[in-house]
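Report on the following structure.
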Amino acid sequence: MLLLIGGIVVWWMVLAHTSRKVAQEESIRQTRLLVHEIDQHRKTDAALQKAREQAEQANQAKTRYISAISHELRTPLNSILGYAQLLSDDASVPPHRRQAVRVIQRGGEHLMSLIEGTLDIARIESGKLTLDKRPMRFADTVGAVAHLFELQASEKGLGFRLDTGEGLPPVVRGDEQRLRQILINLLGNAIKFTSSGAVGLRVHYQREIAVFEVTDTGPGMTAAELDRVFEPFARARSASEAGPGAGLGLTIAGMLASLMGGELTAESQPGRGSVFRLRLFLPRLPDDALPPAAPDDAWSHGARYDGPRRRVLTVDNEEADRHLVAQWLEPLGFEVREAASGHEALALLEAGYRPDAVLMDLAMPGIDGWERCAASVRWTCRSCTAPWCRPTRSIAGCVARRRHRRARLLHQAGAPCRSAGLAGGAAAAHLVDACGQQAIQEPNRSPAHTQQAQAAILSRANRHQASAAVTPCPTPGAEALRPLERAVALGYYRGVLKAADALEQADPGLRRLRGPRELAGQFRFDAIAAMLQPADAAAADAAAPAGPNPAP
Amino acid sequence: MLLIVDDMPDNLAVLHDALDESGYTVLVANSGDQALQRAGQARPDIVLLDAMMPGMDGFEVARRLKADPATTTIPIIFMTGLTETEHWWPAWKPAAWTT
């Protein structure tokens, strides 16, 4: 019995020993495997590290390459653009080559904006773009940007709404230049793609977060287009109608927004317009943290405005009103000339005086005469769309022709302040300046007086009589228009020119058909067709009296 | 009589001026739809067609021109900046139906 127990104990001990040995061996083997595995991991890690470094280097090399090549491209492009500018100013260039020069200029400018955009992207990607966060005048900046686009919208016949909710903080901390860049891009796009309706900017500020919403009534985007809207060179199907664009603007805006710690999103449906929403963290600062006034704010506070001196011609039969205009424009740095009547103004213009803007009272006696003499001055007027009118450069006519535009112009000119005439002067001066600036950006609008003869129309007061000032434009009959319509339908450029010539010769009273000619030069035959379509309606609208005005 | 089709006005301008000065009668269209309409209306002797256009592209225009008996005999020249074979291959398909 004892032997049996002893045997079991021994057997158990032997068993335990063997199993311990096996376990130990197994543990050693596993440890060795683990060590090996760790070793392998370390190697993989090193390889990955190296690959990442290589990829980053390659990416940096790409960025360096792109910025280097962009700089290299810019140099010859500058000389191309420079000489194109010289040629376009050169009176000895024959008329049939002016279009060619314009194409060179446009092509060059398009390339330039592409290059600038590419450089911007390269700069952001390489982390070289640093934000300049400072106290900035928030409400003023938003107001200034909105004002700029309100003008552009009205020139295109669009409405513009600025909605700042319960008001914006005067001062926040942020990068003003970049914020402007994003807003200008979004609003510029909205106006570019919208052909009728309105563009809006809604700014909502709450708990240090500013939400900007840019809305439009444009063609909208499909879901697929919306997905790619922030990708470079992703252009919507409506883009070719809207005109040339680099296709980089939204990409840059999106990158800037995320660089600023915010986000830029888009919502859209085909036919319903689009909404671009920008959310940014812009901490509010105490109002007395104001930076020194920015130069472009300065002149609205009574200081002089910056840039080249602009000439303003004020035409008014009331001496007191003329002086008033001179009094507030001259201190701002404008050169003001006065004329007491339309005829006097025309005499000045014929003598070679070229103002940058004309401030004109529409309710002068003898205005009828002005309408006619304005017609003989070949001036650009961009507010007018009727085909019989565009060629006339008829300044008074243009103001009054489209009632809502006229109201807007009057509003911008500070007209609501009736007793003070042009009081609210800063706004009007802004308009003068803006018109002048835009005129410079678009020097080809009026080849005859490339730089100078850019007319901005400001009118004040007396809306009732303003409409009486407009004589209806002579309109060719439907039969006479037939050849023009046919050429337009065929897309036959020469035919359009010939038909326009024939129309002008047949009716000497008819003003030059400059609108259709210009559009044909850009091969926008659809636009001419649209112009011809509602001609009767437009003429009727122009001829009809403006009716009683709600304003007292 | 030629019809040139391109969505970029500046490209049109260069081509139009060059051909116009060489004495051709040049019609212009800046979209696929317009091109089809004008080709049907005016029956040009040849169509110069940009391949890449938003909306209806040049290949589709060519296909439809070839499919319509009225315009099927009009020769088409594609204008394109594409260099890859797979990009311009579709152009051969409609062309194969003619001549």
Side-chain angles (χ1 to χ4, degrees), chain A residues 84 94-111 193 219 221-222 224-225 228 233-247 270 444 485-498 518-530, chain B residues 1-61 65 70-71 74 79-82 87:
Chain A
H96 70 281
R97 283 287 171 246
R98 291 201 171 271
Q99 169 78 3
V101 174
R102 240 166 289 164
V103 170
I104 296 176
Q105 267 185 318
R106 266 206 305 271
E109 277 157 18
H110 180 67
L111 271 181
F193 287 103
M221 287 175 282
T222 61
E225 283 172 338
R228 304 188 54 218
F233 308 111
R235 305 201 64 204
R237 91 212 106 79
S238 48
S240 66
E241 291 155 33
N444 299 318
E485 282 169 354
R486 232 173 327 202
V488 167
L490 278 177
Y492 184 25
Y493 173 68
R494 288 245 162 246
V496 171
L497 294 195
K498 261 183 230 156
E518 273 175 11
L519 285 171
Q522 298 156 18
F523 304 109
R524 293 175 54 198
F525 294 102
D526 283 357
I528 309 177
Chain B
M1 194 199 291
L2 325 140
L3 174 64
I4 49 180
V5 189
D6 199 320
D7 60 309
M8 303 295 287
D10 286 351
N11 295 355
L12 280 176
V14 173
L15 204 57
H16 175 276
D17 289 359
L19 293 167
D20 184 64
E21 276 161 35
S22 314
Y24 294 98
T25 302
V26 188
L27 307 186
V28 166
N30 35 25
S31 71
D33 291 317
Q34 270 183 17
L36 290 177
Q37 184 202 331
R38 281 171 193 164
Q41 214 173 341
R43 307 283 167 81
D45 298 310
I46 190 166
V47 177
L48 303 185
L49 193 53
D50 179 24
M52 298 283 282
M53 287 187 291
M56 195 194 299
D57 69 7
F59 303 128
E60 177 64 18
V61 174
L65 283 177
T71 52
I74 302 174
M79 309 179 288
T80 171
L82 302 174
H87 288 151

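Source: prediction; values computed, not measured. Naming convention: chains lettered A, B, ... in sequence-line order (proteins, then strands); numbering from 1 in each chain.
- If you measure heavy-atom distances from A/Arg486 to chain B, you find no contacts under 4.5 Å at all.
- A heavy-atom distance below 4.5 Å is found between the side chains of B/Gln41 and A/Leu490.
- For the pair A/Tyr492/B/Thr25, a side-chain contact is recorded, criterion being any heavy-atom separation below 4.5 Å from C-beta on.
- For the side-chain contact (heavy atoms from CB on, under 4.5 Å) with A/Phe523, the lone residue among B/Asp6, B/Ile4, B/Leu12 that qualifies is B/Leu12.
- Neither the backbone nor the side chain of A/Val496 comes within contact range of chain B, judged by heavy atoms closer than 4.5 Å.
- Within the 4.5 angstrom heavy-atom criterion, atoms from both the backbone and the side chain of B/Val28 approach chain A.
- Closest heavy-atom contact between A/Asp526 and B/Arg38: OD1-NH2, 4.3 Å.
- Your options are B/Val14, B/Val26, B/Asp17, and the one with the most heavy-atom pairs under 4.5 Å with chain A is B/Val26.
- Looking at A/Ala489, both its backbone and its side chain come within 4.5 Å of chain B, counting heavy atoms on both sides.
- For a residue to count as touching a neighbouring chain, one of its non-hydrogen atoms must lie under 4.5 Å from one of that chain's; by this rule B/Ala13 touches chain A with backbone and side chain alike.
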